[in-house]
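To start, the structure under review is shown below, and the notes come after it.
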Amino acid sequence: MPDCLFCKIVSKEIPAKIYDEDGQIMVFYDIKPKAPVHLLIIPKKHIASISQAEESDRDLLGAMLLKAKEIAQKLSLSDRGFRLVANSGREAGQAIDHLHIHFLGGKPMSGLG
Ligand code: AMP
């Protein structure tokens, strides 16, 4: 998607601090971290939001959640706890129209606000 910031990060046109990537998923550090660990897990292919995901994306969406589990294990956060957030649409606060799961951890977190 030509004007999509996260597509440009995937294609490395725009730099990001990449934590991990494989054939279908990229994980990079959020530029304005809200927690000691704040990563964004995105599909490499452009899906605007969870509302635009299709049945054919089932495996990809599952892989994104399993990637979160893997990150938590690697960062020793599985037992401490971590938070996953996927904003969908303006009212939810989605600012970038490329599906992303926020991975937040490393501090106590309370209500969702
Ligand atoms: P959301 O509000 O759910 O759409 O979250 C978008 C997130 O992307 C925010 O937490 C931003 O700080 C983050 N963000 C925006 N631009 C960049 C960038 N160039 N590199 C890394 N994270 C970014």
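What you are looking at is a predicted structure, and each value in this text was computed from that prediction instead of being measured. Order of listing sets the numbers, starting from 1, for every ligand and every atom in it.
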Exercise for review: Please report the shortest heavy-atom distance between Ile18 and Phe28, naming the atom on each side.
Suggested key: CA-CB, 4.0 Å
**Study point:** Check ion pair Asp22-Lys44 (N to O, under 4.0 angstrom)
**Key:** no
Practice item. List the atom of Lys8, the atom of Pro2, and the distance in Å for their closest heavy-atom pair. Key: CE-O, 3.1 Å
Are there any protein N or O atoms under 3.5 Å from the N or O atoms of ligand 1? List them with distances, or say none.
residue  : atom   : partner : partner atom : Å
ligand 1 : 2 (O)  : Gly93   : O            : 2.8
ligand 1 : 2 (O)  : Ala95   : N            : 3.4
ligand 1 : 3 (O)  : Asn87   : ND2          : 2.8
ligand 1 : 3 (O)  : His100  : NE2          : 2.9
ligand 1 : 3 (O)  : His102  : NE2          : 2.8
ligand 1 : 4 (O)  : Ala95   : N            : 2.7
ligand 1 : 4 (O)  : Ile96   : N            : 3.1
ligand 1 : 4 (O)  : His100  : NE2          : 2.9
ligand 1 : 5 (O)  : His100  : NE2          : 3.1
ligand 1 : 5 (O)  : His102  : NE2          : 3.2
ligand 1 : 10 (O) : Asp30   : OD1          : 3.2
ligand 1 : 10 (O) : Asp30   : OD2          : 2.5
ligand 1 : 12 (O) : Asp30   : OD1          : 2.6
ligand 1 : 22 (N) : Ile31   : N            : 3.1

Check your understanding: If you look at every heavy atom in Ile41 and Met64, which pair is closest and at what distance?
Key -> O-CE, 3.4 Å
Review point. Taking the six-membered ring where the residue is Trp, are the ring centres of His38 and Phe103 under 6.0 Å apart?
Key: no
Check your understanding: When you look at CD of Glu13, are more than 12 heavy atoms from neighbouring residues, nucleotides or ligands closer to it than 6.0 Å?
Key -> yes
